[in-house]
Amino acid sequence: MNVNLAHQQQLRQAAAFCGAGDYASALSIARKLAKLYPSNPNVQMCYATSLRGLDYYDDARRVLEKLAKIQTSNPGIHNDLCITYQRLGRWDEALRSITRAAELAPTNPYVAGVRADCLFALGQLDECRMLISSCDERGMVSAPLAMVGAKLALRSGDVDAAVARVEAVASQDSLSPIHRAAMLYALGDLKDKQGEIDEAFYLYVQANTVRDMPFDAAHHAQRIGQLIASWSAEAMQSMPRGRLDGSRCVFIVGMPRSATSLVEQVLASHPDVVGGGELVAMQRAVHALSPAPAQLVSLMTDTSKLNQVSVDKAARAYLDAIRHVSSSALHVTDKMPSNFFHLGLISRIFAPGKEPRIVHCVRNPIDTCWSCYRQNFTSGSPFAYDLANLGAFYREYLHVMDHWKRVLPIAIHEVVYEQLLEEPERQVRALLDHLDLAWDDACMKFHENKRVVLTASQDQVRQKLYTTSRGGWKRYEKHLGPLIEALGDAVSV
């Protein structure tokens, strides 16, 4: 069914919102259009993209699978299915989808880039390099190809060729804001690899300017104060307790870029543990109990809806999500870093004595924030695009964690990244003891684990522990005044 002129304008607006990373605004438009045009591929793919951007991966999958049955020979649908299956961890289906897309569109550079990214994520690096080389020979250029080429070069490869590839894409006038930012972040990383520090910093600033989202540090601090007041020791005593067993669950929390992926990889190398990655189930539970606008960090500042029914419902929904990861493993990890905001709720929705295990990852504050600033986050992290905001956000993160340590009835085990680098076996043993797990040598060989990691650390966790990232901020110290000032006394933590 063709889209009428008025709705075409709305579709273009939704697509523009997707291109800018404003998926909430895109979804409000695309959802309505999807009902009007159930078989139109452009409408349905825009709808699926907006769903995926907000982490509704299963919903996006259902939209695309239904569309694929109608439009069997549309490469874009199979391409988007691959991306969605990746996010769901369904790698066999992801490969089948992108292979089908490549068969239908063998000269499409975007499809080739998504296929290369899939190969990279699966650790099939030689095949990935061959594909990129073949695309270079045929003059095929796209943002995904450039991104994967940059990741390969950063590990071991021709950095100059990667720079040229990224610059060729970055110069395209038609590039969407989200892809333009990705190219700038990649160029910054490549220039950093070449030792061109000032140029790299300038590129990171440009990238963060493109990605910039509203973040009111003073308002965030006010909401943190409300969170802490709502979850005081006195308030928690009167809250209901859940009745379900949450002892299989392991929450790995902390600031983004604080080694949560590394810690999960270590644990997931143990035969009794399955890594769940960054699960959105707890965020959904929080939003259901205490809704907040999409542009705000999700916090549960209103506990008025907590009762026996609601806490059991939240626990049941979370356990269902864990069961989808593994129905048999002794422990399943959830390494969504921002779950540190929700430890109060996590401590209440499961039965006493059957609570989840909490692992808190800690890293040097400046290294952590600087790593966030130079990271192209795939989902909204509005605090990460400004150095002063990052420092302010980090301070409030410390306030929250200090509060939980005082009032929670369950133990929080800390893994300090720098200590893990210095004495890995001792730290890993302590971590396993916290989970009541026997020692297993595989945990020290985590880099040999073939599981696929979708976060920014997907390549790092396939390598042995290295110290080059420790203190990396010092090369940029002259540029980081606003961050260091905003961190204040948190620098010494």
Side-chain angles (χ1 to χ4, degrees), residues 55 220 222-255 260 264 276 278-292 296-325 329-361 396-415 434-436:
D55 299 334
H220 178 68
Q222 181 183 13
R223 294 179 71 222
I224 292 297
Q226 294 170 349
L227 174 76
I228 289 173
S230 297
W231 292 92
S232 67
E234 296 74 22
M236 291 177 67
Q237 286 178 359
S238 63
M239 292 178 185
R241 289 298 304 268
R243 295 172 290 194
L244 301 180
D245 186 348
S247 58
R248 292 184 69 219
C249 311
V250 179
F251 288 90
I252 303 172
V253 302
M255 276 288 291
T260 54
E264 181 178 57
E278 296 185 352
L279 303 179
V280 298
M282 188 52 62
Q283 291 180 324
R284 298 267 165 81
V286 169
H287 186 73
L289 291 164
S290 182
L296 294 179
V297 175
S298 179
L299 301 177
M300 192 169 182
T301 56
D302 178 6
T303 61
S304 62
K305 292 184 180 179
L306 289 181
N307 53 50
Q308 194 65 61
V309 173
S310 66
V311 297
D312 285 342
K313 181 179 179 181
R316 192 173 296 109
Y318 188 80
L319 291 174
D320 284 345
I322 289 293
R323 200 171 295 112
H324 276 93
V325 177
L330 183 62
H331 288 302
V332 177
T333 60
D334 177 351
K335 63 142 304 247
M336 179 65 77
S338 60
N339 278 333
F340 74 81
F341 287 125
H342 313 317
L343 294 183
L345 180 65
I346 289 167
S347 74
R348 305 305 298 182
I349 64 175
F350 298 103
K354 300 291 185 179
E355 299 97 341
R357 312 300 173 94
I358 309 297
V359 178
H360 176 213
C361 296
E396 297 307 324
Y397 143 76
L398 286 183
H399 291 160
V400 173
M401 288 307 305
D402 287 344
H403 174 69
W404 296 138
K405 292 172 190 176
R406 289 193 301 271
V407 304
L408 288 192
I410 52 180
I412 299 174
H413 178 76
E414 282 196 347
V415 178
H434 178 63
L435 272 62
D436 294 325

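Formation of a donor-acceptor pair under 3.5 Å by the S290 side chain with backbone atoms of H287 is not found in this model. The backbone N or O of K305 lies less than 3.5 Å from a partner atom in the side chain of S310, making a donor-acceptor pair. For the pair S230 (side chain) and Q226 (backbone), a donor-acceptor distance under 3.5 Å is present. Side-chain N or O atoms of Q308 include one that pairs as donor or acceptor with a backbone N or O of R241 at under 3.5 Å. Side-chain N or O atoms of H331 include one that pairs as donor or acceptor with a backbone N or O of S247 at under 3.5 Å.
K354 and L244 get closest at one heavy-atom pair: CB-O, 4.4 Å. Of all the heavy atoms in E278 and P337, the pair that sits closest is OE2-CD, 3.6 Å. Nearest heavy atoms, A235 versus A229: CB-O, 4.5 Å. Looking at every heavy atom in both residues, L299 comes nearest to F341 through CD2-CD2, 3.2 Å. Among all heavy-atom pairs drawn from V407 and W231, the shortest one is CG2-O, 3.9 Å. Closest non-hydrogen pair, C361 versus I252, comes out as SG-CG2, 3.7 Å.
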*Step by step, work out the side-chain contact (heavy atoms from CB on, under 4.5 Å) result for M255 and M401.*
CA-CA 11 Å; M255 276 288 291; M401 288 307 305; over 6 Å; no
*List the steps and the verdict of side-chain contact (heavy atoms from CB on, under 4.5 Å) for D334 and V250.*
CA-CA 6 Å; D334 177 351; V250 179; over 6 Å; no
*Yes or no on side-chain contact (heavy atoms from CB on, under 4.5 Å) for F251 and M282, after CA distance, side-chain angles and deciding distance?*
CA-CA 10 Å; F251 288 90; M282 188 52 62; 3.9 Å; yes
*Begin with the C-alpha distance, continue with both residues' side-chain angles, and end with the deciding distance and a verdict on side-chain contact (heavy atoms from CB on, under 4.5 Å) for I346 and I358.*
CA-CA 10 Å; I346 289 167; I358 309 297; 4.2 Å; yes
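A parallel orientation is assigned to the rings of H434 and H413, their planes being inclined by less than 30° (bins at 30° and 60°).
Summarising the geometry, atom CZ belonging to R243 is positioned 14.5 Å from atom CG belonging to D245; distances are rounded to the nearest 0.5 Å. Taking CG of L408 as the reference point, atom CE of M236 lies at 5.0 Å (rounded to 0.5 Å). Between the CD atom in E396 and the CG atom in L227 there is a gap of 10.5 Å [rounded to 0.5 Å]. The CG atom of N339 lies 10.0 Å from the CG atom of L345; values are rounded to the nearest 0.5 Å.
Put simply, the side chain of L279 does not reach to within 4.5 Å of the side chain of M336, judged on heavy atoms. Here the side chains of L343 and I410 are not in contact, with every heavy-atom distance at 4.5 Å or above. Residues R248 and L330 fail the side-chain proximity criterion, which asks for heavy atoms closer than 4.5 Å.
With sequence neighbours left out, Y397 forms a ring pair (Phe, Tyr, Trp, His ring centres under 6.0 Å) with F340, H360, Y394.
Counted by atom type alone, Q283 and S338 present one or more donor-acceptor pairs between their side chains at under 3.5 Å. For the 3.5 Å distance criterion, the side chains of T333 and E264 qualify, holding a donor opposite an acceptor.
The existence of a salt bridge linking E355 and R348 is excluded, since no basic side-chain nitrogen approaches an acidic carboxylate oxygen closer than 4.0 Å. Comment: D55 does not engage R284 in a salt bridge, judged by the lack of any side-chain N to carboxylate O separation of less than 4.0 angstrom.
Annotation: H324, atom NE2; neighbour count of heavy atoms from other residues, nucleotides and ligands within 6.0 Å does not exceed 12.
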